[in-house]
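Worksheet: the structure to be examined is printed underneath.
Since the model is a prediction, treat every value here as computed from it, not as a measurement. No hydrogens, no waters, no symmetry mates; every other heavy atom, side chains included, goes into these values.
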Amino acid sequence: MAPTPARTITVALLTFVCCGLAVAADEAPMKWQRAHATFYGGADASGTMGGACGYGNLYSAGYGTRTAALSSVLFNDGASCGQCYKIACDRKLADPAFCKPGVTVTITATNLCPPNDALPNDNGGWCNLPRQHFDMAQPAWEKIGVYEGGIIPVMYQRVPCVKKGGVRFKIVGHDYFNLVNVMNVAAAGSIKSMDVKNSDSPDWMPMARNWGANWHSLALLTGKELSFRLTDTDGQTVVFNAVVPGGWKFGQTFASNLQFV
C-alpha cells in the first residue's frame with residue numbers, strides 16, 4: 001500500500017467518521033502474492049494468545065481466532081502489527097488432497113514467526129529469511145487447508161481491516177515510562193506514528209515504537225487526562241481528544257468512539 005500525504009481528522013463521534021468527515025487515503029488494490037502457510041495454537045487458538053504485537057488475550061482484544069504470526073520479512077519489526085490479509089490456498093501449487101480451493105479467510109497480524117536457522121528454508125525453517133510465510137491460528141488455517149497437510153502454498157493479498165467499535169488504548173508501565181498498546185485499528189490496521197498530549201499542555205509530544213503495537217513516552221503523564229494523535233501506515237491521521245480521563249491507573253484499557261476509515 002503506497003503512502004499518501006497525511007491528513008488530520010478531529011471528530012467527536014464514530015458516527016461522524018462513518019458519515020464522511022474522514023476520508024481514507026487513496027490506494028491501489030494490492031496484488032495477490034505467493035507464500036506458504038502453517039498453523040499453530042490448537043483447535044481453539046488458545047496457544048496464540050500474547051505474541052510479539054502485545055495484544056494480550058486475542059479473544060478479549062477483539063481479534064478472535066482469525067490471526068497469524070508473520071515471518072520476519074512480513075512482520076517488519078512490528079510495523080505490520082494489526083494489518084489484515086486475505087489468504088487462499090494456491091490450488092495451482094498445492095496438493096489437491098490438502099487444499100480447499102475457492103475459499104478465502106481474512107486474518108490480522110498479531111505475532112512474529114521467528115526464523116529457525118538450524119533448519120533449511122524448505123524443510124522446517126518456514127519463517128527463515130527471505131521467505132514470506134504465515135503461521136496461522138489453526139481455526140483460520142483450516143478454512144483453507146486440510147489438517148493433515150501441515151503446510152500449504154497460499155496466495156495472499158493485504159486488505160483493509162474491518163473492526164467493531166473504536167480504537168482502544170491499554171496503558172502499562174510506571175512514572176516516566178508510559179507504554180501504550182494500540183489495538184482494534186481498522187482500515188490500514190497498522191500505525192506509523194503516535195503523539196500524546198496531556199491536560200497540562202497544548203503541545204503534542206512524539207511517542208516511539210517500543211515493540212510490536214506498543215508505543216512509549218518518557219514524560220510524566222501519570223493520572224493526567226490524555227489525548228492521542230495517530231497516523232496509520234496509509235497516511236490517515238485521527239486525533240483522539242481526551243480519550244484517557246484524568247485519574248487513570250496503569251493497566252487500564254480505554255475505548256474510543258473513533259475509528260480509521
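The main-chain N or O of T253 is never found under 3.5 Å from a side-chain atom of R168 such that the two would form a donor-acceptor pair. Of the possible polar contacts, one joining the N57 side chain to the S60 backbone as a donor-acceptor pair under 3.5 Å is found. Put simply, the side chain of N111 gets close to the backbone of A52: a donor and an acceptor are under 3.5 Å apart. Remark: the backbone N or O of G82 is paired with a side-chain donor or acceptor of Y55 at under 3.5 angstrom. Checking side-chain atoms of N128 against main-chain N and O of P115 turns up no donor-acceptor pair under 3.5 Å. No donor-acceptor pair closer than 3.5 Å links the side chain of R91 to the backbone N or O of G102.
Taken from CZ in R158 to CD1 in I87, the straight-line distance is 13.5 Å, to the nearest 0.5 Å. For the atom pair NZ (K86) and CD1 (I144), the distance works out to 12.5 Å, reported to the nearest 0.5 Å. Atom CE of residue M207 and atom CG of residue N178 lie 6.5 Å apart, to the nearest 0.5 angstrom. The CD atom of Q157 sits 11.5 Å away from atom NZ of K31, with the distance rounded to the nearest 0.5 Å. Atoms CH2 and OG, on W126 and S71 in that order, are 13.0 Å from each other to the nearest 0.5 Å. Between atom SG of residue C89 and atom CZ of residue F98 there is a gap of 11.0 Å, rounded to the nearest 0.5 Å.
Contact record, K197 with D203: CG-O, 3.5 Å, taken as the closest heavy-atom pair. Of all non-hydrogen atoms in T38 and D135, the two that sit nearest each other are OG1-OD1, 2.8 Å. Between A137 and T48, the shortest heavy-atom contact is CB-CG2, 4.0 Å. Shortest non-hydrogen contact noted between N121 and R131 is O-NH1, 3.0 Å. For P139 against A45, the heavy-atom pair with the smallest separation is CD-CB, 3.9 Å. Of all non-hydrogen atoms in A37 and W141, the two that sit nearest each other are O-NE1, 3.1 Å.
I151 and L93 fall into different hydrophobic clusters, where Ile, Leu, Val, Met, Phe, Trp and Tyr are joined by side-chain heavy atoms under 4.5 Å apart, directly or via other members. In terms of hydrophobic clustering, with Ile, Leu, Val, Met, Phe, Trp and Tyr side chains grouped at heavy-atom distances under 4.5 Å, W248 and F228 are assigned to a common cluster. Residue Y63 is not grouped with residue V105 when hydrophobic side chains (ILVMFWY) are merged at heavy-atom distances under 4.5 angstrom, including chains of intermediate members. Under the 4.5 Å side-chain heavy-atom criterion for grouping Ile, Leu, Val, Met, Phe, Trp and Tyr, I191 is not connected to M183 through any hydrophobic cluster.
Other residues, nucleotides and ligands contribute only 12 or fewer heavy atoms inside 6.0 Å of the NZ atom of K170. Remark: K224 NZ is packed, more than 12 non-hydrogen atoms of other residues, nucleotides or ligands lying under 6.0 Å away. Within a 6.0 Å sphere centred on OH of Y59, heavy atoms belonging to other residues, nucleotides or ligands number more than 12. For D77, the CG atom counts as loosely surrounded, since its 6.0 Å shell holds 12 or fewer non-hydrogen atoms of other residues, nucleotides or ligands.
Taking the side chain as every heavy atom from C-beta outward, H216 and V180 never approach each other to under 4.5 Å.
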Worksheet entry | Derivation of the side-chain contact (heavy atoms from CB on, under 4.5 Å) call for F240 and F254 | CA-CA 11 Å; F240 300 81; F254 302 92; over 6 Å; no
Worksheet item: Step by step, would you call Q252 with V244 a side-chain contact (heavy atoms from CB on, under 4.5 Å)?
Response: CA-CA 10 Å; Q252 288 185 283; V244 178; over 6 Å; no
Discussion item. Between F250 and D175, does the side-chain contact (heavy atoms from CB on, under 4.5 Å) criterion hold? Intermediate values first, please.
Written reply: CA-CA 9 Å; F250 290 107; D175 290 349; 4.1 Å; yes
Practice prompt. Report the C-alpha separation of L112 and S72 in whole Å, then their side-chain angles, then the decisive distance to 0.1 Å, and conclude whether the side-chain contact (heavy atoms from CB on, under 4.5 Å) test is met.
Written response: CA-CA 7 Å; L112 167 68; S72 297; 3.9 Å; yes
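With R229 as the partner, the side-chain hydrogen bond (donor to acceptor under 3.5 Å, both in side chains) test is satisfied by one option alone out of N241, T237, D195: D195.
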